[in-house]
Amino acid sequence: MKQIINDLLAQALRELEQSSQIPPRLGVDIQVTPSKDPGQGDFASNVALVLAKPAGMPPRELAAAIVGRLAACDSIDRVEIAGPGFINFFVASALSQSVINRILEQGDRFGGSAQGAGVKVQVEFVSANPTGPLHVGHGRGAAYGATLANLLAFVGYEVQKEYYVNDAGRQMHILGTSTWLRYLELCGETIDFPSNGYQGDYVWDIAATLHREQGERFRKPAAQAFADVCADFPQGDKERHVDDLIANAHGLLGEDEYRVVFDLALDTLVDVIRNDLHAFGVDFDCWFSERSLGDEGLIEQAITRLQDNGYVYEEGGALWFRSTDFGDEKDRVVRRDNGQTTYFASDIAYHMNKFERGFDKVINIWGADHHGYIPRVKASLSALGYVADNLEVQLVQFANLFENGEKIAMSTRSGEFVTLRQLREDVGLDAARFFYVMRKAEQHMDFDLDLAREQSSDNPVYYLQYAHARICSVRRQCAEKGIEVSTQTANLLRLDNEHEQALIKQLSLFPERVESAANRREPHLVVNYLRELANHFHSWYNAHQFIVGDTELRDARIALAAAVAQVLRNGLNLMGVSAPEKM
RNA sequence: GCGCUCGUAGCUCAGUUGGAUAGAGUGUUGGCCUCCGAAGCCAAAGGUCGUGGGUUCGACUCCCGCCGAGCGCGCCA
């Protein structure tokens, strides 16, 4: 429809140019937008305002000239000039009502498109360190990423969802050593647990599994484990304290034995995370191991490639990547003077690998605290010869958690946090998923746990679900009363009151709103849309009876309601929220 | 100090990329079930869009300064 109006306007402008009423080649994008006020028609264009100055005519006069040249069209009932010079278009009702049949025919495909056909996109999200269960802070990225992936798939992209498992770093060694120390305690050793170790109960669970399955195979005297270890906080340095403990664990157990403990902790937590996410309605296509990058020589390969391209130099015994050549604020170390490659080097290799796997577009969803990291990763891609813009980083702001009116800090280390699982069990999957994607991802968000728990019935998700349930209820009523409903005999032209007009228009907007949400990576636009749709529906429901004696009208209204239900389902489905038939 | 993300109704947030009288939810105050589900509807009240300039037919939106909030600036991951 937009396109039709656009063409009409373009044609009128060409005619004006030819008759020299306006100067040639003003070359402006014609904008056609849906109107918000029904009094302003269905669509409006501001061409006359934009062209007024270059054409040297007052906007309203120009608008009149354009309207005078508009070709007749069955789709348009009438055209009006309003305000400072807007041109408002009123769409013929027969045409707008045809959307109902289109929705009922297309079913769960309505709103989708083939915009992204043939384009491979990877969405990487969550990727939390497997050092503990996911907490509510991870929920936002999980819900956002999953919804974005659904949206992209819906508009035709070939989407792969990936979780990057940080299984190689120091944090993991702290976890492995924490597990081993708890295990020693279970063996009967007396231990002063490091303040910087992982103190959550889940570490006890893993240690217990180890003890149950392996007996005392890994037992060493506590005195040896703590031999020559730097003092812990507050007397000493808590960071060195754990590092020394890690070194002792390695030395006492030997590499192979240490690995058994380490891998048990790792595998257990990855399983926990995978299960938590699955229960949250989020499933990944690929779990990519950081450790595999080194094992398969990809890190060395990436560094060599940077070297070959001339972006690497040595200084102070370390190897540096000249990221400042690509706008980064300083150069970055890729190999330390002790010979170890940095986390950044792994990330370079990881991103290189993503593009080697053939993705046209790579979307990373990161917590806002990682924003400073973007320039160097993009720099590395440019240096490797890729198009840096094909990597897109979407930042998700933290949710501030409030409980009892106070902001609560969460720490995986101390074990003090609310898990994603607890949240879901408290408020339910639908409310939790909806809550997270309700707001724009870059917006700082306050998450009131008490409100979420105790007044979860206030969650706006129920407003949408209720609309759906009401429609299903009407259909049940018809069945109980033995009323046959047929969309074939419906006369959609009877849907002529203002509520119905508004509702039909809202339905017709769904595909473009979905596309816009996908292209802008803003799932909350779908939420806003669905709320508007539900609002129009509830107003209509309160103002009119559906089950009336006039079969032509009854069938038309029920067809419209069925179309609303279909769009609600399609929208909720994108967010991983159910559309119940009863509540 | 530099950089990123922000600042809109009492509270939580939208605002279709520069358009018409800045909108929802929640809270407050009224009204609506003899009727398909009141988890709903209708109405009222509530605003210097942080602030001061600039750009233009037109600014919540774009540019600059200032104030305030969160985050980031390591041979950590």
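FYI, side chains are in, hydrogens and waters are out, and symmetry mates aren't considered; it's all heavy atoms of this structure. Owing to the predicted nature of the structure, the values given are computational and were not obtained by experimental measurement. Order of the sequence lines fixes the chain letters, A, B, ..., with proteins taken first and strands second; residue numbering starts at 1 for each chain.
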- Message: Using a 3.5 Å limit for the pairing distances, which stems of at least 3 consecutive Watson-Crick or G-U wobble pairs does RNA chain B take part in?
- Response: B:1-7 with B:67-73, B:10-13 with B:23-26, B:28-32 with B:40-44, B:50-54 with B:62-66

What nucleotide among [options] has an atom nearest to a side-chain atom of [X]?
X: A/W320; options: B/C75, B/G19, B/A14; answer: B/C75
X: A/Y466; options: B/C57, B/G37, B/A77; answer: B/G37
X: A/R336; options: B/A39, B/G19, B/C76; answer: B/C76
X: A/Q477; options: B/A14, B/U16, B/C36; answer: B/C36
X: A/M583; options: B/G15, B/G19, B/A39; answer: B/A39
X: A/R513; options: B/A77, B/G19, B/U16; answer: B/U16

[N] to [M] separation - [atom1] atoms, rounded to the nearest Å:
N: B/U61; M: B/U28; atom1: P; result: 33 Å
N: B/C11; M: B/U51; atom1: P; result: 15 Å
N: B/C42; M: B/U21; atom1: P; result: 24 Å
N: B/U48; M: B/C60; atom1: P; result: 14 Å
N: B/U8; M: B/A69; atom1: C1'; result: 15 Å
N: B/G74; M: B/G18; atom1: P; result: 36 Å
N: B/G52; M: B/U16; atom1: P; result: 24 Å

For [X] and [Y], does a side-chain donor sit closer than 3.5 Å to a side-chain acceptor?
X: A/Q506; Y: A/N535; result: no
X: A/Y343; Y: A/N166; result: yes
X: A/N364; Y: A/Y164; result: no
X: A/D167; Y: A/S289; result: yes

- Task: Please state whether the base of B/G3 and the side chain of A/H371 form at least one donor-acceptor pair under 3.5 Å?
- Result: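 Indeed there is one.
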
- Query: Can you find a donor-acceptor N/O pair under 3.5 angstrom joining the side chain of A/D369 to the base of B/G72?
  - Reply: no

Under-3.5 Å N/O pairs linking protein and nucleotides 23-27 of chain B:
none

Base, sugar-phosphate alone, or nothing: which one does [X] contact when heavy atoms must sit under 4.0 Å apart?
X: A/A82; value: base
X: A/S516; value: nothing
X: A/Q340; value: nothing
X: A/L525; value: sugar-phosphate
X: A/Q545; value: base

Pair [X] + [Y]: ring centers closer than 6.0 Å:
X: A/H499; Y: A/F537; result: no
X: A/F90; Y: A/F43; result: no
X: A/F125; Y: A/Y163; result: no

- Take the protein atom CG of A/D328 and the nucleotide atom C1' of B/C4, then report the distance between them rounded to whole Å. 13 Å

May I ask you to decide if the ring planes of [X] and [Y] are parallel, tilted or perpendicular, using 30° and 60° as cut-offs?
X: A/H250; Y: A/H173; result: tilted
X: A/Y373; Y: A/F344; result: perpendicular
X: A/F288; Y: A/Y350; result: tilted

- Nearest nucleotide by nearest heavy atom, which residue falls closer to the 5' end of RNA chain B, A/N88 or A/N338?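 The 5'-side residue here is A/N88.
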
- Closer to the 5' end of RNA chain B via nearest nucleotide, is it A/K330 or A/P84?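 Mapping each residue to its closest nucleotide by heavy atoms, the 5'-most match is A/P84.
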
- Task: I would like to know whether A/E500 and A/W540 meet side-chain contact (heavy atoms from CB on, under 4.5 Å); could you show each step before the answer?
- Result: CA-CA 7 Å; A/E500 285 155 359; A/W540 177 49; 2.9 Å; yes

- Item | Contact under 4.0 Å: A/R470 side-chain N or O vs B/A38 OP1/OP2 |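 A/R470 to B/A38 OP1/OP2: side-chain N or O found under 4.0 Å.
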
